[in-house]
Each structure stands twice: as structure tokens, then as C-alpha cells.
Amino acid sequence: MDDIAKSVPVIDIQWIRDWKKLRSSDSDHDDFVPSLPPVMATSAISSSSGAEILNRRFKDLPPEELQFDDEIARRREAEANVDIAPGFINSKYECLRPTPYEPKYNRKLVSLLLLLERKRHLDNEPKRSLSYRHAISAIKAYPREIQSSKEAEKIIGVGKKMAEKIKVFLHTGTIEEADKLRYDEQFRTLSLFSKVFGVGVTTARLWWDMGYRTLQEVLASAKLTAAVQLGIELFPDFDQSRGKTKNGDVDLIISSKRPDNMKGFLNKLTRRLIEKNYLKHKLWNSTEIKKISHLERPSAGARQVFDSFEKPSTGIRRQVDLICVQPDELGTAILGWTGSKQFERSIRDYAKKEKNLLLNSQAMHLEQNGKRKKYVVHSEKDAFDMIGIPYLEPELRNC
DNA sequence: GGGCCTACG
DNA sequence: CGTA
DNA sequence: GCCC
């Protein structure tokens with residue numbers, strides 16, 4: 001633990017603004033990288049809060065809070081066969097309807113279903129987890145309180161088994177399996193472990209099976225790769241439950257009018273950021289050179305992930321994803337990196353199944369009689385139009 | 001009973 | 001296996 | 001676990 005940094009450099013967001021200004025005036029220069037401002041301040045991280053998290057042991061701790069309101073569920077009219085809410089876009093494609101970050105209705109039900117989804121995920125049942133994801137997204141978007149399980153089952157994504165759970169919820173105010181998870185040491189420990197960068201459900205369960213119950217025990221005892229050790233040491237900084245802000249990480253998508261040197265730019269930029277001590281750790285790196293056949297020359301698709309700064313006066317570290325793309329990839333890159341995860345899955349699913357359009361974060365292709373035709377997507381709006389679905393603001397993509 | 005986003009290291 |  |  002002693003080698004965990006006790007302080008981090010912070011940077012003014014003004015640097016980003018200056019960068020943008022410089023970029024527009026001097027963007028043709030081949031390997032232009034803005035000069036960097038001096039580090040503004042160094043602020044201490046309180047090591048006690050970090051240590052508390054690393055030593056957190058869930059045995060005998062108070063139960064996990066529900067994601068949304070822990071309201072007392074009112075008793076509803078039993079099994080009224082009401083119509084589905086008017087105006088609700090009842091589809092298996094989440095990308096067709098607005099989904100708020102926080103639901104107005106059915107908040108406790110959503111909170112309980114989220115616990116069950118996470119449980120299926122941690123139990124390595126990704127298909128069942130996905131089913132819960134679909135149902136949760138639909139209920140988050142549903143525009144009124146659900147009155148009965150009959151009503152719930154009319155929602156596409158809610159099947160017999162979930163309707164039964166909802167029925168019990170409407171009568172008792174809770175779902176026993178979900179509520180028990182809030183007190184469940186294994187569930188909570190696996191949840192914690194899998195939040196560490198580089199640790200998924202398999203590693204989390206491996207650690208549990210080896211008898212570890214805190215991250216500190218893992219640090220002390222397990223044979224760890226350097227990457228995972230770094231992930232644990234950074235965890236207190238990245239932990240989002242402590243902060244007020246909802247989004248902990250920052251994505252920067254960088255493009256250039258010069259199509260052929262994005263890899264060089266990214267390498268130069270990151271090297272300079274490291275030299276100047278803005279980036280403390282490189283968590284991940286991808287700089288593969290891809291062949292673009294019709295250009296007959298190598299082109300770059302690249303992405304990097306770092307730990308960094310970004311909050312003056314708080315000293316909170318941020319994960320920063322740097323993504324460099326070619327200009328004709330900018331629209332799909334922004335669409336693909338904005339999320340939510342479920343929104344991305346949904347819009348790609350819809351594009352393929354309904355429009356024969358293959359979508360990823362680099363391009364959109366039309367597939368017809370065995371041939372693939374590339375479409376250039378200039379903006380997010382462009383992408384929605386080409387797919388033929390109504391535009392959704394990013395704030396309403398919380399599927 | 002098949003499919004469940006897609007790509008990357 | 002993990003990341004987005 | 002649910003849709004098609």
C-alpha cells in the first residue's frame with residue numbers, strides 16, 4: 001500500500017479549450033501537439049478513505065442501498081387487466097424510445113431487478129443477465145406505475161417468470177431473492193472485486209474461492225499481474241460511489257483532417273502527456289495498424305486508456321480514454337462511445353436485423369447480395385437518419 | 001430451438 | 001480472460 | 001430469460 005501515490009497532479013480544463021483553439025488555427029500541421037500548461041496544483045488524497053475501501057469486508061455490514069428510492073411499495077389493485085400505458089413505445093429495441101437516467105416510476109421494482117441482473121451476471125449467466133437488462137430498460141422507460149403483473153407482461157421484454165416476480169412485488173412490496181442479495185456477503189464481495197479495472201466475473205469468483213474477502217487480502221496474498229495490482233491500487237481513486245459526480249471517466253475522441261497520421265499523433269500526444277506527468281498510469285494501449293484496402297496504405301485505428309487528473313481542488317483522479325479516429329469515422333465513433341452499453345447493443349441489433357446495416361464504432365455498411373457498401377456517417381444525427389429511427393439525445397439513451 | 005452488439009488487446 |  |  002505504501003507505493004500508492006499520496007498525491008496527484010491536477011490540470012485546468014482550460015488546457016482543453018486552448019487545445020481546441022489551437023487546433024482550429026493550426027490543424028493542418030502534420031504532427032501538431034499543443035504545448036502543455038504547467039501542473040497547477042498538487043492535492044492530497046486522503047489515504048484513510050482509500051484504505052477503508054480496500055479493507056471493506058461485507059460480513060456484518062449494513063445492507064447495500066437500493067439504487068433508487070427505497071419507497072414503501074403501495075398495495076396495488078390486484079391483477080387488474082389494464083391496457084398498456086398509452087404512448088409507451090413497446091418494442092424489443094431499446095434504441096427506439098427515450099430512457100431516462102433515473103426512472104420516475106417503478107423505482108423500487110427497478111432497483112430490485114437490477115440486483116437480480118447483477119446476480120445473474122456474477123453467476124456467469126450472461127444470457128439471463130441480458131434478459132433482465134431488457135426488462136429493466138423497458139420498465140425504466142415505462143411512463144406510469146405498473147398496476148398488475150398482467151399489465152407488466154404486456155411489456156415486451158417481460159415474460160412469464162419476471163411477471164411472476166412482479167406479481168409478488170406488487171403484493172408484498174419486495175422480491176425476496178433480490179432483497180436477500182443486499183445482505184449477501186458473497187454477492188457483495190464479488191460485486192466489489194469485479195469493479196476493479198481488469199477484473200471480471202471469473203477473476204472475482206476465483207478470488208472468492210481462494211478465500212479472499214477484502215481487496216487488501218487480495219493485494220497481500222494473491223499472485224497478481226502488474227495490471228491487476230495497479231487496478232486495485234487505483235480503485236479507491238476510481239470508486240464512484242464516494243463521489244457526488246455520476247460519471248467518473250472522460251472520453252476524448254480526437255480526429256484530424258490528415259487521415260494518415262493518427263497513430264503518430266496519439267503516440268506523440270501520450271508520450272508528451274506522460275513526460276509532463278499528466279498521465280500517471282497507462283492502463284491499456286491499442287495502436288494496431290489496420291490495412292484500408294482501397295487506400296492501399298496503412299491507416300491507423302487507435303485507442304488508449306489512462307489514469308489521470310481532471311478535478312482541480314478535489315484531487316480526484318479520472319480515467320481518461322483517448323480515442324484517435326479518422327475524419328470519416330467521427331460520426332460513428334461519437335455514437336459508439338457515447339453509450340449506454342445497452343443502447344449500443346440495441347441500435348446495432350436494430351440496424352442489422354431491420355435494415356441490413358452493419359454498425360460499429362468505425363463505420364456503417366449496407367449488406368446486400370453478399371456485398372458490403374460503406375456509408376460515411378458525418379454525425380450522430382446522420383446515423384439515426386440513415387438507420388431510420390428518431391434521434392435521441394444522449395441523456396435519453398440510458399437503456 | 002436459435003440468437004442475444006461488435007471490436008479490440 | 002479482460003476493456004469499451 | 002425472453003423474443004421470434
Side-chain angles (χ1 to χ4, degrees), chain A residues 90-95 113 116-117 119-121 123-139 152-166 177 193-207 224-228 230-231 234 238 247-253 263 282-290 300-307 319-325 329 332-355 357-365 367 383 387 397 399:
Chain A
N90 199 8
S91 169
K92 67 168 178 160
Y93 296 113
E94 293 93 344
C95 62
L113 293 177
L116 294 176
E117 183 213 9
K119 171 66 171 165
R120 304 295 181 267
H121 169 69
D123 285 347
N124 200 16
E125 300 188 87
K127 307 304 165 63
R128 285 195 177 83
S129 173
L130 178 60
S131 276
Y132 278 91
R133 190 65 255 168
H134 285 306
I136 290 164
S137 293
I139 295 171
E153 206 172 340
K154 291 175 185 169
I155 299 173
I156 293 175
V158 177
K160 278 182 77 89
K161 298 184 80 167
M162 270 187 256
E164 183 58 35
K165 287 177 165 64
I166 292 171
E177 183 196 353
F193 288 173
S194 64
K195 281 201 287 181
V196 173
F197 190 98
V199 177
V201 296
T202 303
T203 307
R205 188 166 291 276
L206 185 71
W207 289 351
L224 303 175
T225 65
V228 170
L230 184 58
L234 290 175
F238 284 179
N247 295 316
D249 68 334
V250 178
D251 297 342
L252 292 177
I253 300 177
K263 183 190 178 208
K282 184 188 284 192
L283 296 177
W284 211 81
N285 185 19
S286 155
T287 52
E288 189 185 287
I289 295 178
K290 292 185 299 186
R303 180 192 132 187
Q304 304 206 2
V305 178
F306 296 95
D307 151 39
Q319 177 179 324
V320 178
D321 297 355
L322 300 176
I323 306 105
C324 285
V325 302
E329 298 176 342
T332 45
I334 293 171
L335 180 66
W337 282 83
T338 299
S340 66
K341 174 183 175 181
Q342 190 54 34
F343 176 83
E344 304 300 335
R345 300 165 83 167
S346 173
I347 194 171
R348 291 173 189 190
D349 194 24
Y350 180 88
K352 182 162 81 173
K353 303 283 169 53
E354 306 295 332
K355 308 288 170 126
L357 290 169
L358 309 179
L359 176 65
N360 60 30
S361 62
Q362 286 100 46
M364 187 187 296
H365 290 274
E367 185 154 72
I387 296 167
R397 300 176 195 168
C399 319

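Naming: A, B, ... by sequence-line order, numbering from 1 per chain.
A sub-4.0 Å separation between OP1 or OP2 of dT6(B) and a side-chain N or O of Q362(A) is absent. Between T203(A) and dG2(C) there is a side-chain polar atom (N or O) within less than 4.0 angstrom of OP1 or OP2. Using a 4.0 Å cut-off, no side-chain N or O of S361(A) falls inside it from OP1 or OP2 of dA7(B). Contact check, K352(A) against dT6(B): a side-chain N or O comes under 4.0 Å of OP1 or OP2. OP1 or OP2 of dC5(B) has not a single side-chain nitrogen or oxygen of R348(A) nearer than 4.0 Å. Between K161(A) and the phosphate of dG1(D), there is a side-chain N or O to OP1/OP2 separation shorter than 4.0 Å.
Rounded to whole Å, atom P of dG2(C) lies 12 Å from atom NZ of K341(A). Rounded to a whole Å, the CD1 atom of I347(A) is 17 Å from the P atom of dC4(B). Here dA4(C) presents its C1' atom at 13 Å from CG of N360(A), a figure rounded to the nearest Å. Atoms CG (D349(A)) and P (dA7(B)) sit 14 Å apart, rounded to a whole Å. One can place CD of E153(A) at 12 Å from C1' of dG1(D), the figure rounded to the nearest angstrom. The CD-P distance, from E344(A) to dC4(B), rounds to 17 Å in whole Å. What separates NE2 of H134(A) from P of dC4(D) is a distance of 10 Å, to the nearest Å. For the pair E354(A) CD and dC4(D) C1', the computed distance is 11 Å after rounding to whole Å.
Here K92(A) lies in heavy-atom contact (under 4.0 Å) with sugar-phosphate atoms only. Within 4.0 Å of L358(A), counting heavy atoms only, lies no atom of the nucleic acid at all. Nucleic acid contact for S129(A): none, since no nucleic acid atom lies under 4.0 Å from a heavy atom of the residue. If you check every strand for non-hydrogen atoms under 4.0 Å, V228(A) touches nothing. I156(A) comes within contact range of the sugar-phosphate backbone alone, with a heavy-atom separation under 4.0 Å but no base atom that close.
Salt bridge annotation for R120(A)-E177(A): present, with a cationic side-chain nitrogen under 4.0 angstrom from a carboxylate oxygen. Between R345(A) and D349(A) no salt bridge is recorded (no basic side-chain N to carboxylate O distance below 4.0 Å).
What you find for A152(A) and I166(A) is that their closest heavy atoms are CB-CD1, 3.7 Å. Taking both residues in full, the closest heavy atoms of C399(A) and S137(A) are given as C-OG, 3.0 Å, listed atom of the first, atom of the second, then distance. Taking all atoms of both residues into account, the shortest heavy-atom contact from S131(A) to M162(A) is O-CE, 3.7 Å. Nearest approach of I155(A) to A138(A), heavy atoms of both residues: CG2-CB, 3.5 Å.
Considering only side-chain atoms of K353(A), the nucleotide from dC4(B), dC5(B), dA7(B) that sits closest is dC4(B).
Here, dG1(D) and dC8(B) have their C1' atoms 29 Å apart, quoted to the whole Å. When the C1' atom is compared between dT3(C) and dC5(B), the two are found 15 Å apart, to the nearest whole Å.
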